[in-house]
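Notes follow the structure.
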There are 2 protein chains.
Amino acid sequence: MADVDTEGTEGVGAPAARPSADVARGRRPSTTREHIARKALDLFDRRGFDATTVDEIASAVGISRRTFFRYYDSKRDVVWGEFDAEMVRLRDQLMGAPRDEPMMDVLRRAVVATNRFGAGELDELRIRMGLISTVPALVAHSAVRYTEWCDVVADFVARRVGGSPEGLGPQTVARAALGAAMAAFACWARHDSDDLTGEVDRAFRLLATGFDENRLGRWVTSDPPSSSSGA
Amino acid sequence: MADVDTEGTEGVGAPAARPSADVARGRRPSTTREHIARKALDLFDRRGFDATTVDEIASAVGISRRTFFRYYDSKRDVVWGEFDAEMVRLRDQLMGAPRDEPMMDVLRRAVVATNRFGAGELDELRIRMGLISTVPALVAHSAVRYTEWCDVVADFVARRVGGSPEGLGPQTVARAALGAAMAAFACWARHDSDDLTGEVDRAFRLLATGFDENRLGRWVTSDPPSSSSGA
DNA sequence: TGACTTTATAGCACTCAATGCCAAAATGGA
DNA sequence: TCCATTTTGGCATTGAGTGCTATAAAGTCA
């Protein structure tokens with residue numbers, strides 16, 4: 001693992017693992033979110049999420065149970081890593097897109113862009129996403145985390161087409177888009193399609209067709225159109 | 001052959017509330033799922049879901065805590081009522097549709113049909129859906145319950161267009177459809193659009209357009225059928 | 001009536017996640 | 001050295017959920 005310096009570690013809910021730009025005051029943290037996450041994911045992967053207790057994670061890391069909960073709000077949150085940073089990236093991508101680019105193209109490109117990962121991160125990501133889309137406790141928790149994602153998309157859509165982000169239009173687009181993204185992720189995490197962004201791209205192109213039955217039929221049988229062409 | 005009428009997904013996990021077609025053997029149940037649900041929903045509505053403990057529900061119903069868990073697998077499940085029965089109805093609607101009817105029309109009609117409720121049920125349903133779409137613990141749990149829903153839809157789609165129900169095509173359609181349904185439900189539960197099936201219908205028509213930006217713009221500004229303005 | 005069977009219930013003990021509180025440890029600065 | 005700051009760990013508590021067991025209530029059969 002060559003991710004020595006992970007500087008984007010803004011606290012999700014825990015105050016710990018601060019970059020601490022100024023002088024370090026007080027007692028130094030005895031570990032990091034990344035360190036905990038690595039140990040925990042390893043345990044989850046080997047023994048299963050439910051079968052791994054917080055006590056086991058804590059003792060594997062070398063901290064107390066109480067300290068674990070200062071780094072992560074819950075056992076579930078460990079799997080999500082630095083999800084919040086990605087949320088900011090998505091918003092930037094959506095809001096920064098040229099006004100004349102079609103809405104669904106912007107959306108597709110933005111989601112694809114925010115899900116580009118280096119080869120070194122993919123193995124861990126697959127474990128994360130595999131857990132998120134299969135373990136009931138994590139499937140459940142995902143709905144809460146993805147709510148923020150939907151809000152970002154709904155804001156974008158409302159800004160494009162008018163009306164309130166809470167309205168049926170933006171909400172439907174946002175939640176349907178989330179569905180497409182989740183489908184892509186789940187498919188990628190399950191079988192070894194090593195092309196995550198490709199899956200996302202395909203799912204969103206499909207979504208933008210309105211799921212016409214004939215096109216969908218051809219799409220399933222023959223190989224679906226890959227990205228390549230333009231925006 | 002006692003559990004003849006318990007085929008498929010009928011039993012959530014609790015053995016109680018059986019219609020008891022044959023003669024009643026053994027001690028009679030001291031309450032019903034409905035009775036528990038009514039008391040519990042009342043408490044949830046007044047005090048909030050998290051602030052209501054299982055002990056309080058049990059004592060309000062007049063049973064022990066342990067007995068509560070024989071009727072419902074969890075506190076969360078109370079809010080979902082007889083969700084499983086609806087699942088069977090959805091499958092029947094989808095599979096029973098004429099083969100030449102367009103796929104997305106079948107889907108829309110099926111979801112609309114399975115969400116028709118009598119005027120007497122609507123108040124309680126609004127409380128249920130309000131809770132499900134706002135309380136974090138229930139938002140989370142909804143993802144697990146809706147997984148079954150998605151499976152049904154994905155099966156239907158795969159049967160129509162070919163390929164595996166696990167494939168990206170059927171999964172994308174299913175999850176996007178779920179998104180549309182959730183958006184419609186949440187909008188209905190929040191503001192008092194008393195037309196639930198109308199909201200569902202609109203969301204699915206929108207989904208089938210592929211969210212073309214221009215059409216969506218007109219759709220939002222000029223009120224579609226009976227939505228309140230600017231919602 | 002009195003066994004015997006079946007079913008539902010209550011109580012108890014237990015695990016585990018999560019939270020609040022407080023004392024102790026570690027660190028830099030005055 | 002004393003002090004302020006920050007992290008840590010232990011302790012107690014709450015609340016969900018589960019397994020086990022004894023008991024209560026009902027019908028059946030002799």
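Here the structure is a predicted model, which means the values were calculated and not measured. Below, chains carry the letters A, B, ... as their sequence lines are ordered, and counting in each starts from 1.
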**Request:** Check whether any side-chain nitrogen or oxygen of A/Y72 sits under 4.0 Å from OP1 or OP2 of C/dA18, and answer yes or no.
**Result:** no
**Prompt:** What about B/W80 and B/Y72, are their ring centers closer than 6.0 Å?
**Reply:** no
**Item:** A/K75 NZ - C/dT15 P separation (whole Å)
**Value:** 16 Å
**Fill in**
DNA chain C nearest-nucleotide lookup for A/F49 and A/R66: closer to the 5′ end is A/F49
**Message:** If you define the side chain from C-beta out and look only at heavy atoms, does anything of A/L207 sit under 4.5 Å from A/L107?
**Reply:** no
**Prompt:** CZ of A/R25 versus C1' of C/dG29: gap in Å, rounded?
**Reply:** 6 Å
**Nucleotide D/dT23, atom P - distance to CD1 of B/I63 in whole Å** = 22 Å
**Message:** Between P on C/dC14 and CZ on B/F69, what's the gap in Å once rounded to a whole number?
**Reply:** 19 Å
**Asked** Taking the side chain as C-beta and beyond, is there a heavy-atom pair between B/F69 and B/D73 under 4.5 Å?
**Response** no
**Asked** D/dG10 P sits how many Å from A/F68 CZ, rounded?
**Response** 16 Å
**Message:** Looking only at the side chain of A/R70 (C-beta and beyond, no hydrogens), which of the listed nucleotides C/dA18, D/dA16, C/dC21 gets closest?
**Reply:** C/dC21
**Prompt:** Think A/Y71 has a side-chain N or O under 4.0 angstrom from the OP1 or OP2 of D/dT8?
**Reply:** yes
**Request:** Take the protein atom CG of B/D50 and the nucleotide atom P of C/dT19, then report the distance between them rounded to whole Å.
**Result:** 11 Å
**Asked** In whole angstroms, how far is the C1' atom of D/dG15 from the CZ atom of B/R65?
**Response** 7 Å
**Message:** Nearest 0.5 angstrom please: B/L168 CG to A/F185 CZ, how far?
**Reply:** 12.0 Å
**Asked** Among C/dC21, D/dA24, C/dA18, which is the nearest nucleotide to the side chain of B/R27?
**Response** D/dA24
**Asked** OP1 or OP2 of D/dT8 less than 4.0 angstrom from a side-chain nitrogen or oxygen of A/T67, does that happen here?
**Response** no
**Message:** I want to check one thing: is the phosphate of D/dT8, taken as OP1 and OP2, less than 4.0 Å away from some side-chain N or O of A/S30?
**Reply:** yes
**Short side-chain N/O contact from A/R76 to OP1 or OP2 of C/dA18, under 4.0 Å** = yes
**Asked** Between B/R28 and D/dG27, is there a side-chain N or O to OP1/OP2 distance below 4.0 Å?
**Response** yes
**Request:** By nearest nucleotide on DNA chain D, pick out whichever of B/G26 and A/S64 is the more 5' one.
**Result:** A/S64
**Message:** To the closest 0.5 Å, what do you measure between CD (B/E86) and CZ (B/R145)?
**Reply:** 11.0 Å
